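Here the structure is laid out as structure tokens; the discussion comes afterwards.
Since this is a predicted model, take the numbers as computed values, not measurements.
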Amino acid sequence: MDCPDENLISIVTPLEIKAASDEKGEVRRSLNEPIGKKRLSDLATGKESILLIVSDYTRAVPNEKIIPPIIDELEKAGCKREDITALVANGLHKPISKNELVQFYGRDLVEEIEFVNHDAEDESQLIKLGMTSFKTEVSVNRLVVESDLVIATGLIEPHFFAGYSGGRKSILPGVSGVESICQNHSFRMINHPLARSGVLNGNPIHEDMVEASRMSGLDYILNVIVDRHGRVAGAFAGDPIEAHRCGVSFLDERVKVEVASKADIVITSNGGYPLDRDLYQAVKGMSTAEAIVKNGGTIIILSECIDGIGRGHETFYELLAEAKSPDDTLERIKREEPIKDQWQAQILARILKTANVIVVTKNIKHSLIEDMHMTPASNIDEALKLALRDAGSDAKIIAVPDGPYIIPCIRREG
């Protein structure tokens, strides 16, 4: 069953993000023209310990194109590879294995420099730095404080409650302790109306992350923006705040797309691998659809979910499955926080109060999806039949193929 033409009112896609003709050349250009900072080779001169914070396995960061140029720049300053440590910014995700390190960062790199998995629950890894103005008690991996120079790599893309990824997120949540992460992602913070995709100004989660990154002493970032095939389209190096803002400005005008009106049914995805590897991450695609679905409408989310509900995210499942309704989930979080994964469950519960959600996947038992107050489907045809049955044959449909990589906005009249 194809989506009926008479029902489809819009296919929402971002403006084309074109890959650089020379991807590594674009990365080198950013290192040669840093924003708000001296060249990395100048910053690294005389430094004996260099920490390179790298993104975790859920981020489609083209590591093989951005990490070697950084190391080349460090070597210009006389740094040796044995002086460099790579810290994997796992946040609350499970540490990854040696084989996975090779898969995501390349065998040559893993064999040449030391890689360390950040573990937010390992107190021996952490050091306390103080409290932000948002009352977040900041503790970070002690390597951040003990290193002479701290560089973070990352990807800038829309983020469903931090506004945009990249920059300061390498510190919080990337290499922070579990209490810091839970406080930054608290019910109150997630509940703020400006804690939304594409919003930085006035977003308390973003501003709290900025404070934490400053407290930690993050010196320098190299963030990239990629096209739909994962190729580097733009690179932004230098000051962690200024360079990140420049990258956000570049992306903002390409991913924010106006939509004339809300729809009865919104079909979306989680943007493909690696973000669609589990249901936990798929909440991001659902939140994209949330912005443009009518109250009482239906969201259809397509996500492969090769890791099922999510490795190490059992609490996310339990917070929904053990509740009689989404309201019960929200009340439990408010009553019992901090609870691991509560933010993902809170956002999903918020979405479920507005819309029905149909999950299209073959890699999760349908009974588990039903436990979480959603409807399972094995394919898009089945999902469309279910959605049209509830919404009626004249239902209006919007398709958002790129999921969390786009920010649809309802057009304001006048």
Side-chain angles (χ1 to χ4, degrees), residues 2-3 7-20 55 58-62 154-166 169 196-199 223-234 247-263 265-293 297-306 344 347-348 351 355 357-361 377 379-380 383-384 387 396-411:
D2 293 324
C3 183
N7 296 85
L8 185 64
I9 60 173
S10 181
I11 299 176
V12 184
T13 57
L15 294 179
E16 184 181 4
I17 298 175
K18 296 182 179 179
S55 297
T58 66
R59 318 294 170 184
V61 181
L155 183 68
I156 302 175
E157 58 191 8
H159 188 276
F160 66 142
F161 59 76
Y164 283 96
S165 66
K169 277 187 93 263
R196 295 292 189 276
S197 183
V199 180
N223 283 183
V224 295
I225 290 167
V226 298
D227 72 357
R228 63 188 306 120
H229 303 291
R231 298 173 301 198
V232 174
V248 165
S249 295
F250 175 91
L251 188 60
D252 203 61
E253 60 189 32
R254 291 165 172 80
V255 297
K256 286 185 176 176
V257 180
E258 287 191 340
V259 176
S261 62
K262 294 188 176 185
I265 300 168
V266 179
I267 305 170
T268 190
S269 75
N270 217 45
Y273 185 86
L275 206 57
D276 76 343
R277 64 185 302 146
D278 59 45
L279 189 62
Y280 178 86
Q281 293 290 348
V283 176
K284 296 176 179 179
M286 299 176 203
S287 70
T288 298
E290 177 193 18
I292 54 172
V293 70
T298 297
I299 295 168
I300 298 174
I301 176 83
L302 292 84
S303 187
E304 186 180 14
C305 297
I306 59 171
Q344 218 86 347
I347 293 170
L348 178 52
I351 293 168
V357 175
I358 300 175
V359 180
V360 180
T361 182
N379 54 61
I380 185 61
L384 270 171
K396 301 305 179 186
I397 300 174
I398 293 177
V400 190
D402 295 289
Y405 300 119
I406 188 170
I407 304 172
C409 312
I410 301 301
R411 184 180 302 133

On a heavy-atom basis, which atom in Ser261 and which in Ile9 lie closest, and how many Å separate them? OG-CD1, 4.3 Å
Rounded to the nearest 0.5 Å, the CG atom of Asn223 sits from the OG atom of Ser55 at a distance of 7.5 Å
When rounded to the nearest 0.5 angstrom, what is the spacing between CZ in Arg196 and CZ in Phe161? 11.5 Å
Short question: side chain of Thr361, backbone of Ser303 - any donor-acceptor pair under 3.5 Å? yes
Heavy-atom neighbours of Ile11 CD1 exceed 12 at 6.0 Å: no
Side-chain contact, heavy-atom cut-off 4.5 Å: Leu384 with Ile358? no
Value rounded to 0.5 Å, distance of CD1 in Ile410 from CD1 in Ile292: 6.5 Å
Where is the tightest heavy-atom contact between Ile406 and Pro14, given as atom of each residue plus distance? CD1-N, 3.3 Å
Side-chain donor/acceptor of Asn270 to backbone N/O of Gly285, under 3.5 Å: yes
Is Thr268 reaching over with its side chain to a backbone N or O of Val400, donor-acceptor style, under 3.5 angstrom? yes
side-chain contact (heavy atoms from CB on, under 4.5 Å) with Leu15: which residues, sequence neighbours excluded? Arg254
With side chains defined as the heavy atoms from C-beta onward, is the minimum distance between Ile17 and Leu251 less than 4.5 Å? yes
Please tell me if the side chains of Ile156 and Phe250 come closer than 4.5 Å, counting only heavy atoms from C-beta onward. no
CD1 of Ile407 to CG of Asp252, rounded to nearest 0.5 Å, is 6.5 Å
Report yes or no: does Asp402 contribute a side-chain atom to a donor-acceptor pair with the main-chain N or O of Thr13 at less than 3.5 Å? no
One should read off an interatomic distance between Ile265 CD1 and Ile398 CD1, to the nearest 0.5 angstrom, of 11.0 Å
Taking every non-hydrogen atom, the tightest pair across Ser287 and Phe160: OG-CB, 3.2 Å
Closest non-hydrogen contact found for Val359 with Met286 is CG2-CE, 4.5 Å
Measure the OG-CD distance between Ser269 and Glu304 for me, rounded to the nearest 0.5 Å. 12.0 Å
The side-chain contact (heavy atoms from CB on, under 4.5 Å) partner of Gln281 among Leu279, Asp278, Val283 is Asp278
Please enumerate all residues that pass salt bridge (Lys or Arg N to Asp or Glu O under 4.0 Å) together with Lys262, with sequence neighbours excluded. none
Lys169 side chain near Arg59 side chain, heavy-atom distance below 4.5 Å: yes
Does the Ser165 side chain pair with the main chain of Leu155, one donor and one acceptor, at a distance under 3.5 Å? yes
Tyr280 backbone acceptor or donor facing Gln344 side chain under 3.5 Å: yes
Closest heavy-atom pair and its distance - Val357, Ile351: CG2-CG2, 4.1 Å
If every non-hydrogen atom of Pro62 is compared with every non-hydrogen atom of Gly230, which pair is closest and at what distance? CB-O, 4.1 Å
